[in-house]
2 protein chains.
Amino acid sequence: MAAVAAAGFTGSRMPTYTISQLARTFGLSRSALLHYDRIGLLRASQRTMAGYRIYSQKDRDRLAQICLYRDAGLSLADVRHLLAAQERPDVKILEKRLRAIGEQILNLRNQQRILTAMLTKMASGPYEPVIDKTLWVKMLAAAGMDEAAMARWHAEFEQLAPAAHYALLRQLGIPEREARQIQAWARRAPAPSSKER
Amino acid sequence: MAAVAAAGFTGSRMPTYTISQLARTFGLSRSALLHYDRIGLLRASQRTMAGYRIYSQKDRDRLAQICLYRDAGLSLADVRHLLAAQERPDVKILEKRLRAIGEQILNLRNQQRILTAMLTKMASGPYEPVIDKTLWVKMLAAAGMDEAAMARWHAEFEQLAPAAHYALLRQLGIPEREARQIQAWARRAPAPSSKER
DNA sequence: TATAAACTGTGAAGTTGTTGTCGGGTCAAC
DNA sequence: GTTGACCCGACAACAACTTCACAGTTTATA
């Protein structure tokens, strides 16, 4: 009774899959599928005599759906609900998730601000210059700040505390001349309206 | 031996705090502080004879630091390291966090896309119009989409599939005339350069 | 002064979505 | 008959808490 599980064929019937095959094709781990089975989200529709799971084409499709919803960041509980009420999938769940994402992004943006403030303070602090220009720019870029965001940041900083801004620029190893240029450019830059988000 | 804990006074000495007082002032739960105590991140420097925790001013300051770092989204392990090496706080940790935030935001944006795609499909699907214009806009707004983002979205959709775009607009209850206007405007709108993020 | 309400303590277990490890069974090939 | 590649179920671990159960302490009220 081996042929069933191994190659995925039962004569000319629909293909079947072992647990690890399915895991690989969806970029999941075997344990994840075991977990889905345990919580009843996705059970293999058959077993071999030895107890090996056999996933059918239908199971595969279901898993595809699950992955789709998971990629949207939905919890397994929500995924279960969505799959349960197939006819008219619950808009409210998706909406709720969308709202949550918005909140999370705002939250992360705030964290970015806190961190850049910390790093700014450290860079212009009494310590040895731990940070130089390239590192600084790389960090902010890695944080997802684009040109515009950096410009806004410079403008905001310049408006709030020009002296500290200058000090920071010098700390980053930028020569006097260039630092003054940046300051001037920041003063002319797009006003950092306080309601921007 | 009650006076110590209760009002937070020992004669004219520094103020002290009970666990719940401290929790309230920092917007944490009592259990969180218990947790911090257990893992040794913040232990009360004294106890009453009955075993009640007494937090000193110093403890309070430490907690303030902890909260600051936590607000930046750092893990308790990282917070511990930062507090341990007080003199020259580790820039690398902050940098790493900043990078992680960037990644997370990108990820969430992707999830937004997936969800809006799903909702779009549902709104223009074979079901009854589950969503109308106001709800739609409210949802996207709640997701943190501003005017610009919505414009980009319309432009992208229009470029990709004008017919489907039109269908969706109609589904949302927008009259023919207005729908065509929106389409025209979307075609003129800022090109959705694929490298935008 | 008695008593109830509000607070405190400890320890254990639960939460979420996995990953990893264990010992042991199964299968195909050589 | 023995490798090596699979599979099984069960359990431990992660983060940062929360919740629970149960017992002792303090404070306010009657």
Side-chain angles (χ1 to χ4, degrees), chain A residues 1-9 16-44 46-55 63 66-67 69-81 97 100 104 107 111, chain B residues 1-9 16-44 46-55 63 66-67 69-81 93 96-97 100 104 107 111:
Chain A
M1 283 295 121
V4 175
F9 279 98
T16 61
Y17 312 89
T18 69
I19 190 168
S20 289
Q21 279 172 7
L22 213 55
R24 254 195 305 281
T25 56
F26 283 92
L28 300 176
S29 65
R30 182 185 86 104
S31 336
L33 290 187
L34 283 178
H35 181 57
Y36 292 171
D37 194 335
R38 229 196 321 277
I39 66 172
L41 181 60
L42 178 72
R43 341 199 82 117
Q46 284 188 56
R47 297 281 188 130
T48 67
M49 254 158 298
Y52 285 25
R53 287 171 180 77
I54 303 177
Y55 291 93
L63 182 54
I66 292 172
C67 287
Y69 286 132
R70 279 281 36 231
D71 285 347
L74 291 159
S75 71
L76 294 185
D78 282 344
V79 172
R80 197 203 304 269
H81 285 133
R97 175 67 194 146
Q104 280 186 61
N107 199 2
Q111 297 188 6
Chain B
M1 286 300 115
V4 175
F9 279 98
T16 60
Y17 312 89
T18 69
I19 189 167
S20 288
Q21 279 172 6
L22 213 54
R24 253 194 306 280
T25 57
F26 283 91
L28 300 176
S29 64
R30 184 182 87 105
S31 21
L33 289 186
L34 285 176
H35 182 58
Y36 292 172
D37 194 334
R38 232 194 316 272
I39 66 172
L41 181 61
L42 178 71
R43 338 201 85 116
Q46 284 188 56
R47 296 283 187 127
T48 67
M49 254 158 297
Y52 283 26
R53 289 170 179 78
I54 302 176
Y55 291 92
L63 182 54
I66 291 172
C67 287
Y69 286 132
R70 284 257 66 216
D71 285 347
L74 291 159
S75 71
L76 294 187
D78 282 346
V79 172
R80 199 204 302 269
H81 285 132
I93 293 180
K96 202 186 65 189
R97 176 63 194 148
Q104 280 187 61
N107 198 3
Q111 296 189 7

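Within every chain, numbering begins at 1; the chains are lettered A, B, ... in the order of the sequence lines, protein sequences first and strands thereafter.
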Task: Per-nucleotide protein contact string for nucleotides 11-21 of chain D, where B marks a base within reach and S marks sugar-phosphate only (heavy atoms under 4.0 Å, - for neither) - done: -----BBBB--
Mind calculating the distance between [atom1] ([X]) and [atom2] ([N]) to the nearest angstrom?
X	N	atom1	atom2	result
B:L34	C:dG9	CG	P	6 Å
B:Q21	C:dA6	CD	P	17 Å
B:I54	C:dG9	CD1	C1'	14 Å
A:L41	C:dT16	CG	P	14 Å
A:R80	C:dG17	CZ	P	10 Å
B:I19	C:dG9	CD1	C1'	9 Å
A:L22	D:dC6	CG	P	15 Å
A:L33	D:dA10	CG	C1'	17 Å

TODO: May I ask you to evaluate whether B:T18 reaches the phosphate of C:dT8, defined as a side-chain N or O under 4.0 Å from OP1 or OP2?
DONE: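 Result: yes.
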Task: Residue-phosphate contact under 4.0 Å: A:R53 side-chain N/O, D:dC8 OP1/OP2 - done: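 Result: yes.
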Open item on the list: Under a 3.5 Å distance rule, please check whether A:R53 uses its side chain to pair with a backbone N or O of A:D37 as donor and acceptor.
Closed with: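 No, because the side chain of A:R53 does not come within donor-acceptor range (under 3.5 Å) of the backbone of A:D37.
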TODO: Begin with the C-alpha distance, continue with both residues' side-chain angles, and end with the deciding distance and a verdict on side-chain contact (heavy atoms from CB on, under 4.5 Å) for A:Y55 and A:L63.
DONE: CA-CA 10 Å; A:Y55 291 93; A:L63 182 54; over 6 Å; no
Task: Sequence-distant partners of B:R24, side chain to side chain contact (heavy atoms under 4.5 Å, CB included), two or more places apart - done: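 If we apply the side chain to side chain contact (heavy atoms under 4.5 Å, CB included) test to B:R24, skipping adjacent residues, the hits are B:S20, B:Q21.
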Task: Set of residues satisfying side chain to side chain contact (heavy atoms under 4.5 Å, CB included) with respect to A:R97, sequence neighbours excluded - done: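 Checked A:R97 against side chain to side chain contact (heavy atoms under 4.5 Å, CB included); matches are A:L74, A:A100, A:I101, A:Q104, B:L108, B:Q111, B:L115.
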Open item on the list: At 4.0 Å (heavy atoms only), tell me whether B:I39 reaches a base, stays on the sugar-phosphate, or touches nothing.
Closed with: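 Here B:I39 touches no strand at all.
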Open item on the list: Quick check on DNA chain C: between A:A50 and B:R47, whose nearest nucleotide comes earlier from the 5' end?
Closed with: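 Checking each residue's closest nucleotide, the 5'-ward one belongs to B:R47.
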- [ ] For the residue pair B:T16 and B:Q46, establish whether any side-chain heavy-atom pair is separated by less than 4.5 Å.
- [x]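 The answer is no, as the side chains (C-beta and beyond) never meet within the 4.5 Å cut-off.
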Task: Heavy-atom check, side chain of B:Y17 versus side chain of B:T25, under 4.5 Å - done: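 No, their side chains stay 4.5 Å or more apart.
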- [ ] List the steps and the verdict of side-chain contact (heavy atoms from CB on, under 4.5 Å) for A:R70 and A:L76.
- [x] CA-CA 7 Å; A:R70 279 281 36 231; A:L76 294 185; 3.3 Å; yes
